[in-house]
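Below you'll find the structure, written out as C-alpha cells, and then a few comments.
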Amino acid sequence: MTRKLPVLAVAAIALTWCLGAHAGTLSATGALKADQPGAPINRYIYGQFSEHLGRGIYDGVWVGEDSKIPNVRGIRTDVVMALKDIKVPVIRWPGGCFADEYRWRDGVGPRDKRPSRKNNWWGGSPESNQFGTHEFMDFAEQVGADPYVSINVGSSDPTEMREWIEYMTSPGDDTLAQERRANGRDKPFKVPVIGIGNESWGCGGEMTPEYYSNEYRRFSAFFHQNADNPAIRVASGSNADDTNWTDVVMKAAARRMDAISLHYYTLPTGDWGKKGSATGFSQQDWVDTFANTLKMDKIIADHSAIMDKYDPEKRVGLYVDEWGTWYDVEKGTNPGHLYQLNTLRDGVLAAANFNIFHHHADRVRLTAIAQTINVLQAMILTEGDKIALTPTYYAYKMYVPFQDSTSLPLDITAPEFSMGGKTIPAFNASAARGKDGKIYIGLASMSPNDEVALTINLGTLKAKSVSGQVLTAARLDAANPIGAPGVVVPVDFKKAKITGGNLVLTLPAKSVVVLTLE
Ligand code: AHR
C-alpha cells in the first residue's frame, strides 16, 4: 500500500504492517534539501487561544490581587513563567463563542463596579468581568505575547467595534483614549491582530457565507486600519472541510482582509455525541485519533487551493485559530467547562500538526491551539495553587526553535500501519533552518509499538554534530500529575548520529523528537 505523508514532496514506497503484540523495528529513509529554502515559519504558528470558558481565565490566569496564589496584579505567576518558557508569540481572546456576546465596556473601569453576566455558551456560569481588556493586555505583556482580540460581530455593531479599537489604540486626546488613561493605561495598547467575528456560521450568528460576507464588508468599512491601528484583519473562516464558506467569503471580501480563519478539532470518534475519552483509551482509539488529526493536511490544502483562486500572491493568511483534541469532559466536571486531561497522545498529536503547519507555511501564518489552560487540549492544568505542565506543553517547548525559522524540504519514505480500517503513517516530520542558522528536524512518531530505524540523506548539508530531545513514556496515555514532577517530560536523545553524509537515528514508538544539526 502506498500513501503520501504530509511532509512528502515525492511519492514514496511504504510498508503496511499490522499492529502486533510485540514491538519491532521498522525502517524508513528520507532526504533533506537544505539548499532549497521554502516559506518562513511564522512564530505565530505557535499561538494560543484563551477564552472565557470554564476555568480557562478564572483560576487558570486570573486569581485576583488578594489571592494567596503568587500573582502579579492578579495574574498567576506560575502560569506566566511557564508560558514565557515556551515563548508564546500570540494569544487569542476573549473567545470563541464568548466573543460574540462580549461587551467590552463590561470589562473596563474599577473592578468592583463591573457587571456580572451569564456566560451563556459555557455552562451558564457567572462572568464577573474581573478580567477585561486591561487585564488581558497585562497578561499578554507579562507572557511576552502579542494580543489577538476577537470582535463581537454576531450580537453587536460596527460602532462598538470601532470604539473598542479606539479605546485600545488611540494615542490622541479623544475621549476614549482619555478613558483608557483614567483606567490606568497611558500609552496605547499594541493590538496587532483583530478577528472580525468567530464561527459566524455557528455560535457567532448562524450566518450563511453570503450574509457574513456582507457583514464583514460592513464591519471592515468602519475598521480604520491606519498608523494607530495597523492590525491584521481576520475574517471568520470555515468549519473544517467547508470550502464553500472560504470560497464565498474570499470572493466577496478578500481585498478587505489580511487573513481568514479555519477551525478544525480532532475527535477520536469523529462523533460529537460521543467524542472519546482523554485517558484509558485503546490502541484503536490512538489510531483513530491520529487518522482524524492528519486530515488537517488535506483540509488546509483544500482551503489554500480556494484562496489561490482569489489571492494567487498569497497575501491573505490562513489562520487555524482553533484546533486540537476535543474529548468527552472529565467525569464529575461541569460539561460546559470542557475540562479534559492531557496525555502523551496529545503531545505527539501537537507535534504531528506542527509538522503539517510547517508544510503549509506559505499560507498558514498563525494558529491558536484550543485552549491554553484547563480547557480542551491545554498546555497547563491547575488545581488551586498547583499546576501540571502537560505533554502538549512540552511539545510546544521542544518546537520553539521553529519559531521564525525557514522551512526546508524533507522528503520521507515512511511505513504505515492499519487497524480497524484506519491507516496512519508511523511518523511525520518537518525541517527548518532556525534563526540561529542551525538545522532543526521535528518528528512525531505515531507508531504505538514499533520504533523506526531512519536514515536521512543530508545532501549538500555538511553537518558535524547532532543533538536532540525526546518526549515519550511507557504508556500511550501517560500524563503529568498536577502538583508532582512530570512523567512525560523531554530528555536528551542519544539515538542519532551523523555518518557518511547521512543522519541516522532510531525513532522510538509514540514519541516526539526534535534534533539540532550543526
Ligand atoms: O474552543 C471551544 C469553542 O469551540 C469555541 O468557543 C468555539 O469557537 C468553538 O466552537
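Predicted model only: the values in this text are computed from it and were never measured.
- Pairing each heavy atom of Asn334 with each of Ser125, the nearest pair is ND2-OG, 4.3 Å.
- Taking each heavy atom of Ala82 and Leu389 in turn, the nearest pair found is CB-CD2, 3.7 Å.
- Using cut-offs of 30° and 60° on the angle between ring planes, the pair Phe98 and His52 is parallel.
- Residue Asn226 qualifies as enclosed at atom CG: its count of foreign heavy atoms under 6.0 Å is above 12.
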Practice item. Report the C-alpha separation of His359 and Val364 in whole Å, then their side-chain angles, then the decisive distance to 0.1 Å, and conclude whether the side-chain contact (heavy atoms from CB on, under 4.5 Å) test is met. Key: CA-CA 9 Å; His359 182 55; Val364 176; over 6 Å; no
Practice item. Applying side-chain contact (heavy atoms from CB on, under 4.5 Å), run through Val248 and Tyr212 and close with a yes or a no. Key: CA-CA 9 Å; Val248 172; Tyr212 173 72; over 6 Å; no
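- Judged by the 6.0 Å distance and 45° axis criteria, Arg365 is not positioned over the aromatic ring of Tyr44.
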Practice item. Test Leu338 against Trp122 for side-chain contact (heavy atoms from CB on, under 4.5 Å), laying out the working first. Key: CA-CA 8 Å; Leu338 310 186; Trp122 305 119; 3.7 Å; yes
Check your understanding: Is there a salt bridge (charged side-chain N to carboxylate O under 4.0 Å, His left out) between Arg111 and Glu135 once you walk through the steps?
Key -> CA-CA 10 Å; Arg111 278 197 284 273; Glu135 291 78 15; 2.5 Å; yes
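- Nearest approach of Leu83 to Phe139, heavy atoms of both residues: CD1-CZ, 3.8 Å.
- There is a side-chain donor-acceptor pair under 3.5 Å between Gln340 and Thr325.
- Asn428 places a side-chain N or O within donor-acceptor distance of the main-chain N or O of Ala352, the cut-off being under 3.5 Å.
- With sequence neighbours left out, the salt bridge (Lys or Arg N to Asp or Glu O under 4.0 Å) criterion links Lys397 to Asp85.
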Check your understanding: Can you list the steps and then say if Ser405 with His358 is a side chain to side chain donor-acceptor pair (under 3.5 Å)?
Key -> CA-CA 10 Å; Ser405 64; His358 295 170; over 6 Å; no
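- Residue pairs meeting the side chain to side chain donor-acceptor pair (under 3.5 Å) criterion with at least one partner in residues 246-260, sequence neighbours excluded, are Ser220-Arg256, Gln225-Asp258, Arg233-Asp258, Thr246-His303, Asp247-Lys309, Asp247-Tyr310, Asp258-Arg315.
- Ring geometry for Trp104 against Tyr167 counts as tilted: the plane angle lies between 30° and 60°, on a 0 to 90° scale.
- A donor-acceptor distance shorter than 3.5 angstrom exists from the side chain of Ser407 to the backbone of Ala39, with no hydrogens or angles considered.
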Exercise for review: I would like to know whether Trp245 and Ser200 meet side chain to side chain donor-acceptor pair (under 3.5 Å); could you show each step before the answer?
Suggested key: CA-CA 10 Å; Trp245 181 278; Ser200 302; over 6 Å; no
Practice item. Dump the intermediate steps for side-chain contact (heavy atoms from CB on, under 4.5 Å) on His360 and Asp297, then the final yes or no. Key: CA-CA 8 Å; His360 293 285; Asp297 184 50; 2.7 Å; yes
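- Annotation for Ser150 and Pro94: closest pair O-CD, 3.5 Å, computed over non-hydrogen atoms.
- Using a cut-off of 4.0 Å between Lys/Arg side-chain N and Asp/Glu carboxylate O, Glu179 and Arg105 are scored as salt-bridged.
- Nearest heavy-atom pair across Thr343 and Ala278 is CG2-O, 3.5 Å.
- Under the 3.5 Å distance criterion, with hydrogens and angles disregarded, a donor-acceptor pair is assigned to the side chains of Asn355 and Ser430.
- Asn374 contributes no side-chain N or O that, together with a main-chain N or O of Gly56, makes up a donor-acceptor pair within less than 3.5 Å.
- Counting only distance, with no hydrogens or angles, the side chain of Asn129 and the backbone of Ser116 share no donor-acceptor pair below 3.5 Å.
- Heavy atoms only, all atoms of each residue included: Met250 and Ile260 are closest at SD-CG2, 4.4 Å.
- Looking at residues two or more places apart in sequence or on another chain, you find no salt bridge (Lys or Arg N to Asp or Glu O under 4.0 Å) involving Asp100.
- Contact check for Arg181 versus Asp173: side-chain heavy atoms found under the 4.5 Å cut-off.
- Checking Thr372 against Ser50 by side-chain atom types alone, a donor-acceptor pair falls below 3.5 Å.
- Donor-acceptor pairing under 3.5 Å is recorded for the side chains of Thr392 and Asn342.
- Under 3.5 Å, the side chains of Ser67 and Asn71 contain no donor-acceptor pair of N or O atoms.
- Under the 3.5 Å distance criterion, with hydrogens and angles disregarded, no donor-acceptor pair is assigned to the side chains of Asn152 and Glu160.
- Looking at Asn198, its side chain never comes within 3.5 Å of a backbone N or O of Gly204 through a donor-acceptor pair.
- Glu65 CD: more than 12 foreign heavy atoms inside a 6.0 Å radius.
- Residue Phe136 forms a ring-ring contact (aromatic ring centres under 6.0 Å, His included) with just one option from Phe189, Trp62, Trp93, and that option is Trp93.
- Between Ile356 and Leu294, some side-chain heavy-atom pair lies under the 4.5 Å cut-off.
- Within the 4.5 Å cutoff, the side chain of Phe357 has no heavy atoms near those of the Phe402 side chain.
- Counting only N and O atoms by type, the side chains of Asp321 and Tyr148 include a donor and acceptor under 3.5 Å apart.
- A distance-only check finds a donor-acceptor pair linking the side chain of Thr269 to the backbone of Lys274 [under 3.5 Å].
- Between the side chain of Asn292 and the backbone N or O of Pro268, at least one donor-acceptor pair lies under 3.5 Å.
- With Arg55 contributing its side chain and Thr382 its backbone, the two residues share a donor-acceptor pair below 3.5 Å.
- Looking only at atom types and distance, the side chain of Arg345 has a donor-acceptor partner in the side chain of Tyr327 under 3.5 Å away.
- In summary, the side chains of Thr293 and Asn353 do present a donor paired with an acceptor at a separation below 3.5 Å, with no hydrogens or angles considered.
- Looking only at atom types and distance, the side chain of Gln142 has a donor-acceptor partner in the side chain of Asp138 under 3.5 Å away.
- A salt bridge between Glu141 and Arg185 is present, with a side-chain N of the basic residue lying under 4.0 Å from a carboxylate O of the acidic one.
- With hydrogens and angles disregarded, no donor-acceptor distance shorter than 3.5 Å links the side chain of Gln371 to the backbone of Leu376.
- Note: Tyr265 and Trp272 have perpendicular aromatic rings, judged against thresholds of 30 and 60 degrees for the angle between ring planes.
- The closest side-chain donor-acceptor pair between Glu51 and Trp121, if any, does not fall under 3.5 angstrom.
- Side chain of Thr169 to main chain of Pro188: no donor-acceptor pair is present (N/O by atom type, distance under 3.5 Å, no hydrogens or angles).
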